[in-house]
Amino acid sequence: MEALYLYPWAAPLLVGLAILSLIGTYISFKQEKYLLMMSMGIVQTMISTYLVTGAAPVLFGVGLTQIYLGVVNVKRVKAVRHE
């Protein structure tokens, strides 16, 4: 947290990274690349720990939801391929 005070450019960079990961999540969901969607969820969860104020709780919830949806869909796709 202190790093955000020492480096004022870090917070806008994290917000930009969060926006890019949200866009990447949408694209990966449309292309049915669920492992990529899970990794984007992990990135969003990690970013939300540094952005304590603002939309960080929402970003944390969205990240956890993406991880969960990625796990469920990967298992579903594997089950369908084995049949």
Side-chain angles (χ1 to χ4, degrees):
M1 186 66 187
E2 291 87 19
L4 292 178
Y5 293 117
L6 292 175
Y7 305 108
W9 50 267
L13 181 70
L14 290 174
V15 170
L17 188 61
I19 291 170
L20 288 175
S21 67
L22 285 170
I23 293 168
T25 299
Y26 176 75
I27 292 170
S28 65
F29 182 74
K30 286 293 184 182
Q31 294 179 353
E32 297 180 359
K33 298 188 183 208
Y34 300 116
L35 289 174
L36 182 62
M37 187 173 77
M38 281 178 21
S39 65
M40 293 290 178
I42 292 169
V43 167
Q44 289 175 3
T45 305
M46 296 296 283
I47 290 172
S48 70
T49 59
Y50 293 110
L51 299 175
V52 178
T53 59
V58 174
L59 191 63
F60 184 75
V62 168
L64 289 180
T65 304
Q66 290 170 5
I67 294 170
Y68 175 74
L69 286 175
V71 169
V72 168
N73 284 323
V74 165
K75 288 184 178 182
R76 181 184 59 84
V77 169
K78 285 184 182 178
V80 170
R81 287 184 185 163
H82 288 294
E83 290 181 2

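Computed from heavy atoms alone, side chains included, the values below leave out hydrogens, waters and symmetry copies.
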Check: Which of these passes side chain to side chain contact (heavy atoms under 4.5 Å, CB included) with F60: V58, V62, L64?
Finding: L64
Note to self: Once rounded to the nearest 0.5 Å, what's the spacing between atom CG of N73 and atom NZ of K33?
What the structure shows: 15.0 Å
Check: For M37, which of V74, I67, L69 qualifies under side chain to side chain contact (heavy atoms under 4.5 Å, CB included)?
Finding: L69
Next item on the list: For S39, check side-chain contact (heavy atoms from CB on, under 4.5 Å) against everything at least two apart and list the hits.
Entry: L36
Margin query: Please list all pairs meeting ring-ring contact (aromatic ring centres under 6.0 Å, His included) that have one or both residues in residues 14-48, counting only residues at least two apart or in different chains.
Written below: none
Would you tabulate the side-chain donor-acceptor contacts of residues 10-25 under 3.5 Å, counting partners in other chains and residues two or more places apart, or write 'none'?
{"residue": "S21", "atom": "OG", "partner": "L17", "partner atom": "O", "Å": "3.3"}
{"residue": "S21", "atom": "OG", "partner": "A18", "partner atom": "O", "Å": "2.8"}
{"residue": "S21", "atom": "OG", "partner": "Q44", "partner atom": "NE2", "Å": "3.1"}
{"residue": "T25", "atom": "OG1", "partner": "S21", "partner atom": "O", "Å": "2.7"}
{"residue": "T25", "atom": "OG1", "partner": "Q66", "partner atom": "OE1", "Å": "3.3"}

Check: Linking I/L/V/M/F/W/Y whenever any side-chain heavy atoms sit under 4.5 Å apart, do V43 and Y50 land together?
Finding: yes
